[in-house]
Protein chains: 2
Amino acid sequence: MKKKRQPTVSIGSEDAIVQLADLFRLMGDPTRLRIILTCLDVPISVGDIAARLDLSPSLVSHHLRLLKAARVLRGERRGKQIFYSALDAHIRCVIDDMVAHVGEPLDIEEAE
Amino acid sequence: MKKKRQPTVSIGSEDAIVQLADLFRLMGDPTRLRIILTCLDVPISVGDIAARLDLSPSLVSHHLRLLKAARVLRGERRGKQIFYSALDAHIRCVIDDMVAHVGEPLDIEEAE
DNA sequence: ACAACATATCAACACCTATTCATATATTAG
DNA sequence: CTAATATATGAATAGGTGTTGATATGTTGT
């Protein structure tokens, strides 16, 4: 058994909803979302993330800690630097779906 | 001219990222996420949402305003009541993907 | 017109959180 | 060992935000 796909999961549990919301909230900050997107491409060090996004290494590290704790990203040490990358491919799917949603915001508009 | 799944690379603009983060942030609140999930099933009135989730109509209305403004939900008036439902199916995909992510929190992956 | 109901809006408060700065820890080179 | 680099952590603060209660708006009946 490798992976089991669950279609539309009935999330009635409070814990599950809170856990879901927690992940969405993490992606709900522009800075953090930028960091996620930067790590989605290829493993990248903290300093390089900070340099590319023009952020302080401290701030990047703070966000990385949250993202790592939430199992969104993972860090792998290579010498002095630590390279961060996406833990799995689901986050990319989530973002792609949301991009699709943003791409076609307007469909029907009767009452406004 | 038809939109398909576009890769995550296409969102480099600051506005797009902020817009994306805005949507994720909206889904990042447990109460709001519950409201979204309730509306995903079938169009439901404000009062029924409040009753089912045990929330004040005022709070539900407040959240609905944000969700409607963000084009996540849409409201349709029927007499005194206003029924809310998902604007499109993308949100459901986003949630499903995130549920899949939560479903497999730990999975060692070296090769993909 | 009025009353009753459904939803929306306003103001205020309490809580949370993103950011900054200083400091600490970890790794490598000499 | 020390020095230099890379990352992490701690505290403090400013701005954001969810929630509540009162009030307003809108709709349907009598």
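These numbers come from a predicted model, not from an experiment. Sequence lines set the chain letters: A, B, ... in the order given, protein chains first and strands last, and positions in each chain run from 1.
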(message) Output one letter per nucleotide in nucleotides 2-8 of chain D: B when a protein non-hydrogen atom lies under 4.0 Å from the base, S when only the sugar-phosphate is that close, - when neither is.
(response) ---BSSB
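The CG atom of B/L66 sits 5.5 Å away from the NE2 atom of B/H62 when rounded to the nearest 0.5 Å. In this structure, A/D97 CG and A/H101 NE2 are separated by 11.0 Å, a value rounded to the nearest 0.5 Å. Rounded to the nearest 0.5 angstrom, B/S61 OG and B/I82 CD1 are separated by 8.0 Å. In this structure, CG on B/L33 lies 11.0 Å from CG on A/D22, to the nearest 0.5 angstrom.
Atom P of nucleotide C/dT7 and atom NE2 of B/H63 are separated by 16 Å, given to the nearest angstrom. With rounding to whole Å, B/L55 atom CG is found 16 Å from C/dA8 atom C1'. The distance from atom CG of B/L66 to atom P of C/dC10 is 13 Å, rounded to the nearest whole Å. In this entry the distance linking CD1 of B/I44 with P of C/dA6 reads 14 Å, nearest Å.
Considering all non-hydrogen atoms of both residues, A/P30 and B/A21 come closest at N-CB, 3.7 Å.
Residues A/F83 and A/L37 do not share a hydrophobic cluster, clusters being chains of Ile/Leu/Val/Met/Phe/Trp/Tyr side chains in contact below 4.5 Å. A continuous path of ILVMFWY side-chain contacts below 4.5 Å connects A/L53 to A/L64, so both sit in one hydrophobic cluster.
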(message) What verdict does the side chain to side chain contact (heavy atoms under 4.5 Å, CB included) test give for A/L20 and B/M27, after you've listed the backbone C-alpha separation in whole Å, the side-chain angles of each residue and the deciding distance to 0.1 Å?
(response) CA-CA 9 Å; A/L20 268 187; B/M27 305 179 69; over 6 Å; no
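Partner of B/R92 under the side chain to side chain contact (heavy atoms under 4.5 Å, CB included) criterion, chosen from B/V94, B/I95, B/D96: B/D96. Remark: of the listed residues B/V46, B/I36, B/V60, B/V46 is the sole one forming a side chain to side chain contact (heavy atoms under 4.5 Å, CB included) with B/Y84.
Non-hydrogen atoms lying under 4.0 Å from DNA chain C are contributed by A/R25, A/D29, A/T31, A/R32, all within residues 24-35 of chain A.
End-to-end axis angle for the helix from C/dA1-D/dT30 to C/dG30-D/dC1, using five pairs per end and rounding to 10°, comes out at 30°.
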